[in-house]
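The structure appears right after this line, and notes come after that.
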Amino acid sequence: MQSPTTTITAAIQNLNLTPNFLPKFPPNPLRILPEFVNHRSTASMASTFGRFKVNSKLDNSSGEFLTITEYAGKGGANVGDDLVVLFSHLEYAFKRIAALVASPVNSSLGKSSGGSQDVDAGRDKPKPLDIVSNEIILSSLKNSGKVAVMASEEDDAPVWITDNAPFVVVTDPLDGSRNIDASIPTGTIFGIYNRLTELDNLPTEEKALLNSLQSGNRLVAAGYVLYSSATILCTTFGSGAHAFTLDHSTGDFVLTHPDIKIPPRGQIYSVNDARYFDWPEGLRRYIDTIRQGKGKFPKKYSARYICSLVADFHRTLMYGGVAMNPRDHLRLVYEANPLSFVAEQAGGKGSDGKNRILSIQPVKLHQRLPLFLGSPEDIDELESYGDVQQTVNPGYDV
C-alpha cells in the first residue's frame with residue numbers, strides 16, 4: 001500500500017505543474033463539438049443565467065463574453081501588466097485544482113493523511129488534496145515571476161519565492177476539503193498585496209512574515225473560486241466585484257456576473273444551528289428574532305448552511321442575508337480579509353461581530369476570529385445585538 005506522501009508526489013507529477021506562459025487548459029474530453037454549439041451573443045446568453053445576470057453592461061463591440069484576461073487588461077480594468085500576468089498563472093492553478101477536485105483521484109487524495117503529524121494550533125489538520133492544491137498554487141506563483149512571498153493555510157510560515165517581485169499572495173488553497181468525499185462544493189480563497197519594499201533589508205523570514213501580515217485595507221485584489229456545478233472565479237481589483245465562469249469548451253474564465261451588488265438585505269442566514277446552546281445570548285436573540293420575522297425586516301428568515309465557507313458566502317453574495325461562524329475559527333489573513341474585501345466591493349460588509357474586518361491588524365499568520373459576512377443592513381442589525389461572538393468552544397469533532 002502506497003504511503004500518503006507517495007500518493008501526493010505521484011499526483012503532483014501527473015498534474016504537470018510547469019506550464020509555458022501563457023498556460024493552456026488541457027483538452028476537455030467532454031468538450032462539445034463546434035457543429036453542435038449554438039453560438040450566442042451576450043444578449044441571448046444573459047437569459048441563460050437568469051436571475052444571476054447582474055446589471056450587465058459590457059463595453060465589447062463583438063458581442064462576445066469577456067475573458068478575465070481581457071477584462072483585467074488595457075481594454076478593461078487596466079490593472080497593470082504585472083497583475084494580468086499573475087492572474088493568468090492563478091487561472092491556470094484554479095483550472096488544475098478544478099480538474100483534480102472533479103477527478104476520480106480525489107477519492108483517495110481527499111482522505112486524511114493519518115499519522116501523528118504535529119499541526120500548529122492555528123491550522124487545520126491537512127489532507128493530501130489540500131497539500132496538492134497548495135503545491136499547484138505555489139508552482140504557478142513561482143512560474144509567474146511576479147510573487148515575492150506566498151502565505152498559505154497549509155504552511156506553518158510564509159514561503160519566500162523571489163526577490164524584487166511586486167506582489168504578496170495569501171491563500172487558503174482548498175477550503176471545505178473535509179466535504180470532498182461527499183461531492184459538496186469546495187473553494188479556493190486568495191488575496192494579493194503589494195510587496196512592502198521598505199522591508200527589503202530585513203532577514204528573509206522576517207520580511208516574509210511582515211509582508212504577509214498586512215491589514216486587509218492594503219489589499220490590491222482578492223477573490224475566491226467556487227468548485228461546484230460550475231467553476232466560478234469571483235474577484236475584485238478594488239473597483240467592484242465581478243464573477244467569471246469557466247467555459248469548459250474553451251478553457252476560459254468568461255465574465256458572467258459583472259458588477260455584482262449584494263442586496264441591501266436578504267432573507268437567509270447561514271450558520272451551524274447545532275451550536276445554538278453554545279452561543280452567547282445576543283446571537284441567540286438575533287437568530288430567534290429573524291426566524292420569527294420580528295426583526296427590522298418583517299419576514300421570516302430561512303436557514304441555508306453548507307459548511308463550506310466559499311459556497312455559503314457565494315450564495316449570500318447572490319441572494320443577500322448573512323453567512324457566519326461566530327466562534328474563533330476562521331483565519332483573518334487568508335479567509336476573512338479576502339472575502340471581506342469582495343463583500344465590501346459588492347456593497348456588503350465583513351465583521352467580527354464588533355469591528356470591520358479590513359481594519360483589524362493581523363498579529364499572527366494563522367490568527368483566528370469570528371466572521372460575519374453579508375448584506376449591510378443584516379450585518380448592522382446583527383451587530384446591534386452586541387453579544388454575538390461565541391467564546392464557549394468545547395471542541396467539535398464534526
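Side-chain atoms of Ser152 and Asn134 form a donor-acceptor pair, as typed in the model, at a separation below 3.5 Å. No side-chain donor-acceptor contact under 3.5 Å links Ser308 and Asn179.
Here the side chain of Thr186 pairs no donor or acceptor atom with the backbone of Gly176 at under 3.5 angstrom. Formation of a donor-acceptor pair under 3.5 Å by the Asp352 side chain with backbone atoms of Ile357 is not found in this model.
No more than 12 heavy atoms of other residues, nucleotides or ligands sit less than 6.0 Å from atom CD of Glu205. The number of heavy-atom neighbours closer than 6.0 Å to CG of Asp163, taken from other residues, nucleotides and ligands shown, is above 12.
Hydrophobic clustering (side-chain heavy atoms under 4.5 Å, transitive across Ile, Leu, Val, Met, Phe, Trp, Tyr) groups Tyr385 together with Ile290. No path of Ile, Leu, Val, Met, Phe, Trp and Tyr side chains, each step under 4.5 Å between heavy atoms, connects Leu317 with Leu382, placing them in separate hydrophobic clusters. If you chain together hydrophobic residues whose side chains sit under 4.5 Å apart, Leu138 and Phe167 fall into the same group.
Using a 4.0 Å cut-off between charged nitrogen and carboxylate oxygen, Asp288 and Arg291 count as a salt-bridge pair. The pair Arg285-Asp387 does not count as a salt bridge, with every side-chain nitrogen at least 4.0 angstrom from each carboxylate oxygen. Ionic pairing of Lys296 and Glu377 is not present here: no N-O contact between side-chain nitrogen and carboxylate oxygen is shorter than 4.0 angstrom.
Put simply, the side chain of Thr69 reaches to within 4.5 Å of the side chain of Val84, judged on heavy atoms. The side-chain heavy atoms of Asp378 and Phe372, taken from C-beta on, include no pair separated by under 4.5 Å.
Using bins of under 30°, 30° to 60° and over 60° for the plane-to-plane angle, the ring pair Tyr71/His242 lands in the tilted bin.
Ring centers of Phe94 and Phe244: at least 6.0 Å apart, outside the cut-off.
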